Enquirer: 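Sending over a structure as structure tokens; questions will come in a sec.
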Amino acid sequence: MSIRLGDIAPDFEQDSSEGRIRFHEWLGDSWGVLFSHPADFTPVCTTELGFTARLKDAFAQRNVKAIALSVDPVDSHIKWIDDINETQSTAVNFPILADADRKVSELYDLIHPNANDTLTVRSLFVIDPNKKVRLTITYPASTGRNFNEILRVIDSLQLTDEHKVATPANWQDGDEVVIVPSLKDEEEIQRRFPKGYRAVKPYLRLTPQPNR
């Protein structure tokens with residue numbers, strides 16, 4: 001099953017390094033980052049899980065929970081976590097799903113025909129509190145994920161959910177934002193954006209970022 005943006009993230013129940021997980025219940029009213037790994041004891045993924053652990057405060061500020069997935073069993077995860085903690089100078093503080101039966105991998109289309117048919121591809125999903133999928137990224141095995149970009153997208157999603165704006169190319173938190181073209185009423189624009197705006201073109205109106 002191919003998962004598209006706006007789809008409800010499939011629910012599941014699966015074992016993990018922190019016990020049994022009922023995904024939607026575990027997620028609650030938080031945002032979620034679900035990301036998969038081909039197998040335990042892989043070098044790039046070891047660095048990714050360590051970096052994710054160090055993002056604990058950044059995720060908490062954004063009401064985000066992280067959860068990883070590998071097709072290896074729980075006892076393998078526990079040994080791998082020891083390696084991650086040692087080599088990355090951190091402490092893994094989120095669950096790693098033990099998807100030995102491939103149940104979650106199949107729900108999220110993580111085993112691709114162009115990849116090893118026994119291993120998941122390295123995909124990542126950002127899921128909002130309504131359980132909707134808001135971002136999907138699939139990386140090649142040779143390229144580590146850019147978690148700063150993932151935080152940037154979450155910042156953009158949370159900002160644009162609250163205000164009638166979009167974020168331009170290379171936007172960073174605090175930069176100018178774009179007033180959505182559908183917003184035409186000048187009184188409403190003045191009310192929503194009291195700092196004013198500049199119209200580069202009628203369809204390209206930039207305004208200081210509203211408070212989040």
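Please read these numbers as outputs of a predicted model, since none were measured by experiment.
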Enquirer: Might you work through the side-chain contact (heavy atoms from CB on, under 4.5 Å) test for Trp31 and Ile127, ending with a clear yes or no?
Expert: CA-CA 6 Å; Trp31 290 71; Ile127 300 161; over 6 Å; no
Enquirer: Before giving the answer on side-chain contact (heavy atoms from CB on, under 4.5 Å), spell out for Glu188 and Lys164 the whole-Å C-alpha distance, their side-chain angles and the decisive distance to 0.1 Å.
Expert: CA-CA 11 Å; Glu188 183 179 357; Lys164 290 190 175 183; 3.4 Å; yes
Enquirer: Quick check on the hydrophobic clustering: are Leu107 and Leu34 connected, directly or via other members, by side-chain heavy-atom contacts under 4.5 Å?
Expert: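 Yes; tracing contacts between hydrophobic side chains, which count when under 4.5 Å, links both residues.
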Enquirer: Are the side chains of Phe59 and Leu151 in contact, using a 4.5 Å heavy-atom criterion?
Expert: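 Leu151 reaches Phe59 side chain to side chain.
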Enquirer: Heavy-atom count around Asp185 CG within 6.0 Å, excluding the residue itself: above 12?
Expert: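 Above 12, so yes.
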Enquirer: Going by heavy atoms in the side chains, are Thr136 and Tyr108 under 4.5 Å from each other?
Expert: no
Enquirer: Treating Ile, Leu, Val, Met, Phe, Trp and Tyr as nodes and any side-chain heavy-atom pair under 4.5 angstrom as an edge, say whether Leu135 and Phe51 lie in one connected cluster.
Expert: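 Per the 4.5 Å side-chain linkage, Leu135 and Phe51 are co-clustered.
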Enquirer: Could you tell me whether Lys65 sits above the aromatic face of Trp26, with NZ or CZ closer than 6.0 angstrom to the six-membered ring centre and within 45 degrees of the axis?
Expert: yes
Enquirer: Would Trp80 and Thr46 count as having a side-chain donor-acceptor pair, cut-off 3.5 Å?
Expert: yes
Enquirer: Does either side chain, that of His77 or that of Asp72, offer a donor lying less than 3.5 Å from an acceptor on the other one?
Expert: no
Enquirer: Please work out which of the three classes, parallel, tilted or perpendicular, describes the rings of Phe12 and Phe23, given edges at 30° and 60°.
Expert: parallel
Enquirer: Strictly by modelled atom types, are Asp109 and Ser2 linked by a side-chain donor-acceptor pair under 3.5 Å?
Expert: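 Side-chain D/A pair, Asp109 to Ser2: absent.
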Enquirer: Mind checking salt bridge (Lys or Arg N to Asp or Glu O under 4.0 Å) for Asp128 and listing every partner two or more places apart, or none if nothing turns up?
Expert: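 Asp128 satisfies salt bridge (Lys or Arg N to Asp or Glu O under 4.0 Å) with Arg134 only.
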Enquirer: Check whether the side chains of Gln14 and Asp99 place a donor and an acceptor atom closer than 3.5 Å, and report yes or no.
Expert: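 Indeed, the side chains of Gln14 and Asp99 share at least one donor-acceptor pair under 3.5 Å.
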Enquirer: What distance do Leu97 atom CG and Glu18 atom CD have between them, rounded to the nearest 0.5 Å?
Expert: 10.0 Å
